[in-house]
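I have placed the structure first, in the form of structure tokens, so that the comments after it can refer back to it.
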Amino acid sequence: MPSITTRHFIQTAGTLLAGLVLVACGKQEPPAPAASAPATAASAPAPAAKVYVVGTDAAYAPFESQNEKAEIVGFDIDVAKAVAQKAGIEVKFLNTPWEGIFNSLNQGDRDLLISAITITPERRQTMDFSTPYFDAQQLIAVMKDSKIAKFADLKKLKVGVQNGTTGDEVITKLQGKDSGNIKRFESTPLALKELEGGGVDAVVADNGVVVHYVNNNSDLKFKTISDASFATEQYGLAVKKGNAELLEKINKGLVAVKADGTYAQIYTKYFGAPPAPGAAAK
Ligand code: ARG
């Protein structure tokens, strides 16, 4: 039928035109599928906007976790969405196990990471970080009746951590890297479960997550211990090393969400009070 032929011709022309526009712009994106391209030769279809894939280890409430509907939610998610909006980019979140999360950037499976990631000099060698968006510190969780009073008390005790986190780093430094008393888990909730089950004497992890867990444990079985030896840590969003273009967008977005109060609003939603003056948060 002639009408189908005409439509095909127009679709093909449209696709070709889209391809030409993309080539002219020097963009890497593949052309939009013909089916979704408007079949009018008059207006060339706009190239589909890039959706940046954000990796997050969503077992870290209140920063990132999965709700009953398996949606990824939390402080980090709200921050990243707000930043993306200011930066004029589209993002989608993919649950990404902590182990391998940094590799996913290098391999190009993820464009961006937000996962309560502490900016460390070591990590800076393999990825680039945004300006800090959150201040944190290690915190010790123990059972309520525990005799443990300070970090040094953990020297010879069984301690649970999430593998490869800064909590892992501090306890490895205290006990030595050959210590057989460090139990490394793939997630922080698993380490905390082990504490409850008596398999470890303490868990060392980021304060926000420990406090959240302890407060949400209905039996109130735990207590927390802070220690002056714990350094202040700062969280940043991470991009693949050298991705200056995306990093600049993110940093601009961060400035904007901090400046107009969006950040403080998100912070208050999750932590009950606005960020302290002078915090990375500000
Ligand atoms: N801040 C710590 C670190 O960077 C722990 C982060 C763990 N995050 C997570 N979503 N599991 O090592």
Side-chain angles (χ1 to χ4, degrees), residues 53-67 70-81 91 93-106 109-110 112-141 151 159-174 177 182-195 202-214 216 224 226-227 229-239 267 270-271 279-281:
V53 180
V54 187
T56 188
D57 173 26
Y60 215 63
F63 297 96
E64 44 265 337
S65 59
Q66 276 184 295
N67 66 16
E71 295 158 339
I72 301 176
V73 295
F75 173 81
D76 280 355
I77 310 311
D78 286 4
V79 169
K81 282 182 181 164
V91 288
F93 297 87
L94 284 188
N95 197 1
T96 308
W98 182 253
E99 186 180 348
I101 200 168
F102 299 141
N103 249 335
S104 72
L105 269 187
N106 279 331
D109 297 336
R110 306 286 183 271
L112 189 64
L113 304 177
I114 189 161
S115 202
I117 303 170
T118 301
I119 304 168
T120 69
E122 207 188 10
R123 289 175 183 166
R124 271 190 197 286
Q125 305 193 341
T126 55
M127 67 199 95
D128 287 335
F129 284 100
S130 70
T131 52
Y133 70 90
F134 194 84
D135 289 340
Q137 221 174 44
Q138 295 305 303
L139 188 64
I140 304 164
F151 184 52
V159 179
V161 290
Q162 183 175 11
N163 191 18
T165 57
T166 44
D168 186 354
E169 279 172 31
V170 295
I171 195 65
T172 302
K173 209 166 156 203
L174 180 75
K177 67 172 173 28
I182 304 171
K183 308 275 173 251
R184 297 182 172 89
F185 296 87
E186 77 190 45
S187 79
T188 296
L190 283 177
L192 288 157
K193 284 255 150 53
E194 189 78 359
L195 175 63
V203 164
V204 181
D206 293 7
N207 53 346
V209 172
V210 170
V211 166
H212 183 267
Y213 189 88
V214 169
N216 285 281
T224 63
S226 56
D227 193 285
S229 72
F230 293 141
T232 299
E233 302 182 18
Q234 294 191 309
Y235 296 166
L237 292 98
V239 299
Y267 191 103
Y270 285 92
F271 302 104

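These numbers come from a predicted model, not from an experiment. Counting starts at 1 for both ligands and their atoms, in listed order. Residue numbers start at 1 and run along the sequence shown.
Under 4.0 Å from ligand 1, not a single heavy atom of Gln138 appears.
With respect to Asp76, the side chain to side chain donor-acceptor pair (under 3.5 Å) criterion is satisfied by exactly one of Tyr235, Tyr133, Tyr60: Tyr133. Checking each of Val161, Leu139, Leu195 against Val203 for a side-chain contact (heavy atoms from CB on, under 4.5 Å) leaves exactly one that passes, namely Leu195.
Here the heavy atom of the protein found nearest to atom 8 (N) of ligand 1 is Ser115 O, 2.8 Å. For atom 11 (N) of ligand 1, the closest heavy atom belonging to the protein is Asp57 OD2, 2.7 Å. Protein heavy atom in closest approach to atom 6 (C) of ligand 1: Ala116 O, 3.2 Å.
A 6.0 Å sphere centred on CD of Glu71 holds more than 12 heavy atoms belonging to other residues, nucleotides or ligands. By the neighbour-count criterion of 12 heavy atoms within 6.0 Å, atom CD of Glu194 is densely surrounded, having more than that number from other residues, nucleotides or ligands. The neighbour count for Lys193 NZ, taken as heavy atoms of other residues, nucleotides or ligands under 6.0 Å away, does not exceed 12.
Residue contacts with ligand 1: Thr165 is placed with no nitrogen or oxygen under 3.5 Å of a nitrogen or oxygen of the ligand (distance criterion only). For ligand 1, the polar-atom distance check against Trp98 finds no nitrogen or oxygen pair separated by under 3.5 Å. Close N/O approach between Tyr60 and ligand 1 is not found [any backbone or side-chain N/O within under 3.5 Å].
The shortest heavy-atom distance from Asp206 to ligand 1 is under 4.0 Å. Within the structure, the closest approach of Phe63 to ligand 1 does not fall below 4.0 Å when heavy atoms are considered. Heavy-atom separations between Glu169 and ligand 1 are all 4.0 Å or longer.
Under the 30°/60° scheme for interplanar angles, the aromatic rings of Phe271 and Phe63 are found to be tilted.
Residue Thr166 approaches ligand 1 through these ligand atoms, each under 4.0 Å from one of its heavy atoms: 1 (N), 2 (C), 3 (C), 12 (O). For ligand 1, the atoms sitting less than 4.0 Å from at least one non-hydrogen atom of Tyr235 are 1 (N), numbered in the order shown with element in parentheses. Less than 4.0 angstrom separates some heavy atom of Thr118 from each of these atoms of ligand 1: 1 (N), 2 (C), 3 (C), 4 (O).
The side-chain heavy atoms of Trp98 and Asn163, taken from C-beta on, include no pair separated by under 4.5 Å. The closest side-chain heavy-atom distance from Phe185 to Leu192 is not below 4.5 Å.
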